[in-house]
Amino acid sequence: MQNPTDYTALDIIVVGAGMVGLTAALAFKRDGFKVLVVDTRDDSFLTLPQQLSDLNQRQDDINSYDNRVSALTKASENIFENLSIWHEISQMRANAYLKMRVWDGQGTGEVDFSSVQMHTKNLGHIVENKVVLSALLSRATEQQLPIICNAKVTDLSEPVLGNGEAYRLLSCEIKDPTQRGQPPVTNTAPKTQIVRQFKATLIVGADGALSKIRQLSAIPLWQWDYGHHAIVATVETLESHQQTAWQRFTEDGPLAFLPLASDKLCSIVWSTSPAHAKALMAMSDRHFKQALSIGFEHRIGEVVGVANRAAYPLSHRHAKYYVKSGLALIGDAIHTIHPLAGQGVNLGLLDAAVLADTLANAKQRRQSIGSEALLKQYQRLRYSDNLKMSATMQAFKYLFDPQNAPLTIARNLGMNLFNKSRPLKQHIMLQAMGLSGKMPELAHKRIR
């Protein structure tokens, strides 16, 4: 942690040290901006690289895996490669998947994708979120990127004009380092919270779905409940996952098995009704493994182990706009989508890359990075793509909701016809891999 009193005048403050926030901050710093990151987590978060130093030695330990993983696309891999982060991720427990198998549990429809069809080494990588965060934090240390933990945002000013340029003031309540872990013993004990105010030309909100920055900025949302809860866990199967990402559409929702670094370990995401999720979470491990095996039709054998089971509700969110003067939102602060295609974090990383491009170009042209007109360029570039992906996920969810018999038959027929159309499959996979359309510079293969 850096001394917050050193940071009273900054180019950019990034609020949120998650995968998207840290990626954005490192990209900004690479482009020569003076950057500060603030986050609500405790200082122990910064020691994550040390905590995971022996991770590869525990590759077969089911309990050592994070139950939250990301299916990183080629575009995301390129972003990390260009920020000198991918090498460390790849040296840990990043597992390439070579195939995808998707089938309709209510019929005979099935679709498969392969890296051979796409003429690539793989379709992407399944990586634990903690592995990505560890690599980002290691890089942040190398780049001397200041991160202040225990920082709770309490206020955000409107733009203030000073010395010819507008800036914003960010107020944070920060746990006093001298008092951490020391509860007051009397009413006269020193306060354990101190309030600091930081000044920056641009505030970037990367603080998640319940973004405090978005709330303080009064940016409205479109929001609705998907009617699903997602159960996540790490599981062991009797047979190999075959470096394949598997997904079955059940009557209640999609069930995905994502291949991890160990040959018989997978990360599962079971999106199902709240009542079914509650029942599944109440089961013993033995009964949960049985239910999971049946739900997955034993495609890779019985589920013989389970660890780190958890559940969380799924909601759609999309901000009505992303920017204001001196303010930009990225990642889950502006959009959350159904996890059935694993695109959430990849969209956020593209947000970060496009915003970095926009600011770097502005710097070259000597434009103010806090200009609302400039920031709207970023918004225009990302808004339609994010909205399109959001609509696609909603359509997929509706398509695989329980339907009457004729629609179910038509759906299965359509899946099988689609599976025979190689050009259409390649087009869809290019989109899923983040390799179609106009891409930000960071998402292109290797910049040197």
Exercise. Can you name the nearest heavy-atom pair linking Ala333 to Gly205, along with the distance?
Worked result: CB-O, 3.7 Å

For this session: Verify, without hydrogens or angle tests, whether His335 (side chain) and Tyr383 (backbone) share a donor-acceptor contact under 3.5 angstrom.
Result: no

Problem set entry | Presence of salt bridge, Lys212 and Asp207, under 4.0 angstrom | no

Exercise. Any donor and acceptor pair, going by atom type alone, linking the side chain of Thr47 with main-chain N or O of Asp43 inside 3.5 Å?
Worked result: no

Exercise. Backbone N or O of Lys34 within a donor-acceptor pair of the Asp11 side chain at under 3.5 Å?
Worked result: yes

Exercise. Do the ring centers of Trp103 and Phe296 come within less than 6.0 Å of each other?
Worked result: yes

For this session: Any chance you could measure Leu265, atom CG, to Gln59, atom CD, to the nearest 0.5 Å?
Result: 8.5 Å

For this session: Mark yes or no for whether Ser64, through its side chain, and Arg58, through its backbone, hold a donor-acceptor pair below 3.5 Å.
Result: yes

Exercise. What's the shortest heavy-atom distance between Tyr167 and Lys199, and which atoms?
Worked result: CD1-CG, 3.4 Å

Exercise. Do Arg299 and Glu110 sit within salt-bridge range, that is, some charged N less than 4.0 Å from a carboxylate O?
Worked result: yes

Problem set entry | Candidates Val354, Leu355, Asp357 - the one meeting side chain to side chain contact (heavy atoms under 4.5 Å, CB included) with Leu381 | Val354

For this session: List the atom of Ser211, the atom of Leu329, and the distance in Å for their closest heavy-atom pair.
Result: OG-CD2, 4.5 Å

Exercise. Can you check whether Lys130's main-chain N or O pairs, donor with acceptor, with Asp66's side chain at less than 3.5 Å?
Worked result: yes

For this session: Check Leu156, Leu216, Leu375, Val204 against Leu327 for a side chain to side chain contact (heavy atoms under 4.5 Å, CB included) and give me the one that passes.
Result: Leu156

Problem set entry | Under 3.5 Å donor-acceptor, Asn67 side chain and Asn308 backbone | yes

For this session: Apply the test side-chain contact (heavy atoms from CB on, under 4.5 Å) to residues Ser70 and Val127: give CA-CA distance (whole Å), side-chain angles for both, the deciding distance (0.1 Å), then the verdict.
Result: CA-CA 5 Å; Ser70 295; Val127 189; 5.6 Å; no

Exercise. How would you list, by chain and number, every residue that makes a salt bridge (Lys or Arg N to Asp or Glu O under 4.0 Å) with Arg309, sequence neighbours excluded?
Worked result: Asp285

Exercise. Do the side chains of Leu442 and Arg30 get nearer than 4.5 Å, heavy atoms only?
Worked result: yes

For this session: Check whether the side chains of Tyr322 and Asp351 place a donor and an acceptor atom closer than 3.5 Å, and report yes or no.
Result: no

For this session: Classify the angle between the aromatic ring planes of Phe80 and Trp86 as parallel (below 30°), tilted (30 to 60°) or perpendicular (above 60°).
Result: parallel

For this session: Would you kindly say whether Gln377 and Thr358 are connected by a side-chain donor-acceptor distance under 3.5 Å?
Result: no

